[in-house]
Amino acid sequence: MERSLIIIKPDAVQRGLVGEITKRFENKGLKLVGCKMMQLDDAILKEHYAHLIDKPFFPGISSFMQSTPVIVQCWEGYEAVESMRIIVGITKARGADAGTVRGDLAMSFQCNVVHASDSSENAEIEVKRFFKEGEIFEYNKTDFEHVYAGDEK
Ligand code: ADP
């Protein structure tokens, strides 16, 4: 099973969309294995958005992401990273497909309600970045029996 990191961003916290966004991943059949509220700081955002640090909009993202605490979640599922990127939709929310989280719930490039890991390798790094040992849980999710077929479990 693959893991992916989700950050429910400050715009979603302010707009009361935490439950709605979480519900979409639950409905899909993904398994929540880590969840906490966290106040991000400059250091973790420089690491997390290292690929954007030279962009003119980086200071804006950094202050936006620190404007309220965020919800960080770790989800598990078969090929979960790809599946969750599809559910989330493209970065520019006003152009995201209807039916996706960003397509249905957001209008902005920056304020696009959620972060989702973009590759399996990055997901592993990001889960370690945001969760300490002991904060990711192992348990038997009984509905996997019905969510997956034999070799996908
Ligand atoms: P994604 O979050 O879809 O993986 P990126 O890693 O490229 O996209 O960007 C990280 C975050 O930075 C985006 O989710 C968005 O909040 C912000 N961002 C990216 N590009 C822009 C932009 N051109 N203008 C404003 N904010 C941006």
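In this text the structure is predicted, and so the values were computed from the model without any measurement. Computed from heavy atoms alone, side chains included, the values below leave out hydrogens, waters and symmetry copies. Each ligand, and each atom within it, is numbered from 1 in the order the structure gives.
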Engineer: Checking Ser67 side chain against Phe64 main chain: does a donor-acceptor pair fall under 3.5 Å?
Structural biologist: yes

Engineer: Within 45° of the axis and under 6.0 Å from the centre of the six-membered ring of Tyr139, does NZ or CZ of Lys31 qualify?
Structural biologist: yes

Engineer: Can you tell me if Arg102 uses its side chain to pair, donor with acceptor, with the backbone of Val113 under 3.5 Å?
Structural biologist: no

Engineer: Under 3.5 Å, is there a donor on one side chain and an acceptor on the other for Ser120 and Glu124?
Structural biologist: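 Checked: Ser120/Glu124 side chains show no N/O donor-acceptor pair below 3.5 Å.
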
Engineer: Under 3.5 Å, is there a donor-acceptor pair linking the side chains of Gln73 and Thr22?
Structural biologist: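 Per modelled atom types, Gln73 and Thr22 side chains form a pair under 3.5 Å.
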
Engineer: List the protein residues in contact with ligand 1, where contact means a heavy-atom separation under 4.0 angstrom.
Structural biologist: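 Near ligand 1, by chain and number: Lys9, Tyr49, His51, Leu52, Phe57, Ile61, Arg85, Thr91, Arg102, Phe109, Gln110, Asn112.
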
Engineer: Enter the distance from Asn122:CG to Arg129:CZ here, rounded to the nearest 0.5 Å.
Structural biologist: 8.0 Å

